[in-house]
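A, B, ... follow the sequence lines: proteins, then strands. Residue 1 opens every chain. What you see below is based on every heavy atom in this structure, not just the backbone, and it leaves out hydrogens, waters and symmetry mates.
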There are 2 protein chains.
Amino acid sequence: MTRTLGAPTAGGRGITAALVPVECEVTPLLDVAFSRWTTPVLWTLNEFGRQRFVELERRLGTITPKVLTQRLRQLERDGLVTRTYHPEVPPRVEYEISELGRTLGPLFAGMASWAKDHMDAVESARRSYDEEGKPGR
Amino acid sequence: MTRTLGAPTAGGRGITAALVPVECEVTPLLDVAFSRWTTPVLWTLNEFGRQRFVELERRLGTITPKVLTQRLRQLERDGLVTRTYHPEVPPRVEYEISELGRTLGPLFAGMASWAKDHMDAVESARRSYDEEGKPGR
DNA sequence: CAGCATCCCCCAAGATACTG
DNA sequence: CAGTATCTTGGGGGATGCTG
């Protein structure tokens, strides 16, 4: 979560200062929306609309309430999700993807279609890498 | 990396069996191409083409050789990157993004443009969340 | 219901040092 | 050059238990 950028320690072996240390533009986004649970949570919110805590919990299947809370807080903090608290008895809380969060939709769609099209290729590559000692080595 | 799916433990609080435990299609892809270093490595390979170990190391700036090796191995195993070893003295190894890996290009482009367009909004949301005790609570 | 509090585990990633 | 070998750590995530 904390990106230790700006630390010019250059790590052990001296960097001769030549050859561009280019910055990858997508890196910051990874912390925001792409990790084990943030993506599924966002995805679910985007697909099924406004939902209560338990609904999310159940749809996500294996997530624990603690983790769900953590991710939701992070997403709320980053402005991707809005939380509305209804002071009733029993309490009711609803989560909804924000305007900003919704702009991630196309990306998710792209990822889903990539997965659909290519994940089996990945798995087969994985198998052949494991079975053979390594194809060309 | 290991996705503990299929464990129907349902975690602590009983799931009443109602309400769909829908599976998020993007999840498997996260392990493959979206984590702290796999994405930057893939990105760099996609942007700058075939490169040697050191070139990658330098362009990525803060990555350690150990981690770079680990990620490259995983990417090779998953068929997203190809490794060619030239038995010379000194040894030379070149990494190149594969056909399969290249199909991730559009996704990366989409992510980069999203970052460009919306990351400042995220950061400002983050700031206002931190400064105020929370906007509407 | 919607959580927070705790304790624990695991592993990606950092630091550092050493070879074929 | 292109790694491998250790040691260590941070924090995400699981398991359990307790409240407003």
Side-chain angles (χ1 to χ4, degrees), chain A residues 1-5 7-16 18-19 27 30-32 34-41 51-58 60-76 81 83-95 134 137, chain B residues 1-5 7-16 19 27 30-41 51-58 60-76 81 83-95 134 137:
Chain A
M1 198 158 167
T2 37
R3 202 96 308 169
T4 41
L5 290 179
T9 354
R13 269 176 301 190
I15 275 182
T16 15
L19 203 59
T27 305
L30 290 175
D31 287 333
V32 175
F34 298 96
S35 66
R36 173 71 243 255
W37 284 116
T38 52
T39 312
V41 167
Q51 281 161 89
R52 312 181 54 168
F53 191 86
V54 226
E55 297 183 83
L56 276 169
E57 192 178 358
R58 289 184 186 151
L60 291 166
T62 59
I63 198 171
T64 59
K66 191 196 71 172
V67 174
L68 180 53
T69 304
Q70 289 175 336
R71 296 304 114 225
L72 283 171
R73 285 288 176 285
Q74 179 196 322
L75 291 170
E76 191 193 353
V81 161
R83 178 190 129 114
T84 34
Y85 177 78
H86 300 94
E88 309 168 358
V89 243
R92 192 162 57 89
V93 178
E94 289 187 314
Y95 292 94
K134 242 179 244 181
R137 207 239 178 176
Chain B
M1 199 156 167
T2 37
R3 203 98 304 171
T4 42
L5 290 179
T9 355
R13 269 175 299 189
I15 275 181
T16 15
L19 203 61
T27 305
L30 290 176
D31 287 334
V32 176
F34 299 96
S35 65
R36 173 70 242 254
W37 285 115
T38 51
T39 313
V41 167
Q51 280 161 90
R52 313 181 52 168
F53 191 87
V54 228
E55 298 183 83
L56 276 168
E57 192 179 356
R58 289 183 184 152
L60 291 166
T62 59
I63 198 171
T64 60
K66 190 197 72 172
V67 174
L68 180 53
T69 304
Q70 288 175 339
R71 296 302 113 227
L72 283 170
R73 287 286 178 285
Q74 178 197 320
L75 291 169
E76 190 193 355
V81 160
R83 178 190 129 115
T84 35
Y85 177 79
H86 300 93
E88 309 168 357
V89 241
R92 192 161 57 90
V93 178
E94 289 187 314
Y95 292 94
K134 244 179 245 182
R137 208 240 177 176

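B:Leu68 places its CG atom 11 Å from the P atom of C:dG14, with the value rounded to the nearest Å. To the nearest angstrom, P of D:dA5 lies 11 Å from CZ of B:Arg73. Put simply, CD on A:Glu55 is 11 Å from P on C:dC1, counting in whole angstrom units. The interatomic distance linking B:Asp31 (CG) with C:dC11 (P) rounds to 13 Å, in whole Å. The distance between atom CG of B:Leu56 and atom C1' of D:dA2, rounded to the nearest whole Å, is 12 Å. Per the geometry, CD belonging to B:Glu94 stands 13 Å off C1' belonging to D:dA2, to the nearest Å. Distance B:Ile63 CD1 to D:dA2 P: 14 Å, rounded to the nearest Å. Atom CZ of B:Phe34 is separated from atom P of D:dG12 by 20 Å (rounded to the nearest Å).
An OP1 or OP2 oxygen of D:dA2 is reached within less than 4.0 angstrom by a side-chain nitrogen or oxygen of B:Arg52. Checking the phosphate oxygens (OP1, OP2) of D:dG11, no side-chain nitrogen or oxygen of A:Trp37 falls inside 4.0 Å. Not one side-chain nitrogen or oxygen of B:Arg92 sits closer than 4.0 Å to the OP1 or OP2 atom of D:dA2.
Of the candidate nucleotides C:dG14, C:dC1, D:dA2, D:dA2 has the atom lying nearest to any side-chain atom of B:Arg83. When distances are taken from the side chain of A:Val93 to each of D:dA2, D:dG13, C:dA2, the shortest belongs to C:dA2. Of the listed nucleotides (D:dG13, C:dA2, C:dA13), D:dG13 has the atom at the smallest distance from the side chain of A:Lys66. Of the candidate nucleotides C:dC4, D:dC1, C:dC1, C:dC1 has the atom lying nearest to any side-chain atom of A:Val54. Candidate nucleotides C:dA2, D:dG3, D:dG13 were compared by shortest atom distance to the side chain of B:Phe53, and D:dG3 ranks first. Residue A:Arg36 places its side chain closer to D:dG13 than to any other of C:dG14, D:dG3, D:dG13. Out of C:dC1, D:dG3, D:dC1, the shortest distance to the side chain of B:Tyr95 is found at D:dG3. Closest approach to the B:Arg71 side chain among D:dA15, C:dC4, C:dA12 is made by C:dA12 (side chain taken as heavy atoms from C-beta onward).
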For this session: For B:Trp37 and B:Arg71, run side-chain contact (heavy atoms from CB on, under 4.5 Å): C-alpha distance rounded to whole Å, both residues' side-chain angles, the deciding distance at 0.1 Å, then the answer.
Result: CA-CA 7 Å; B:Trp37 285 115; B:Arg71 296 302 113 227; 3.7 Å; yes

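A heavy-atom distance below 4.5 Å is found between the side chains of B:Arg73 and B:Arg83.
Proximity of a side-chain donor or acceptor of A:Gln74 to a complementary backbone N or O of A:Asp31 within less than 3.5 Å is detected.
Contact record, B:Val32 with B:Leu75: O-CD2, 4.0 Å, taken as the closest heavy-atom pair. A:Leu30 and B:Ser35 make their closest contact through CD1-O, 3.6 Å (heavy atoms, listed as atom of the first residue, atom of the second, distance).
With sequence neighbours excluded, no residue satisfies side chain to side chain donor-acceptor pair (under 3.5 Å) with A:Thr39. The salt bridge (charged side-chain N to carboxylate O under 4.0 Å, His left out) check on B:Arg92 picks up B:Glu88, B:Glu94, with sequence neighbours excluded.
Between A:Phe34 and B:Phe34, the ring-plane angle classifies as parallel under the 30° and 60° cut-offs.
Two end axes, each from the C1' atoms of five base pairs, can be drawn for the helix from C:dC1-D:dG20 to C:dG20-D:dC1; they diverge by 50°, to 10 degrees.
Each of A:Pro91 and A:Thr38 was matched to the nucleotide of DNA chain D holding its nearest heavy atom; the match closer to the 5' end belongs to A:Thr38.
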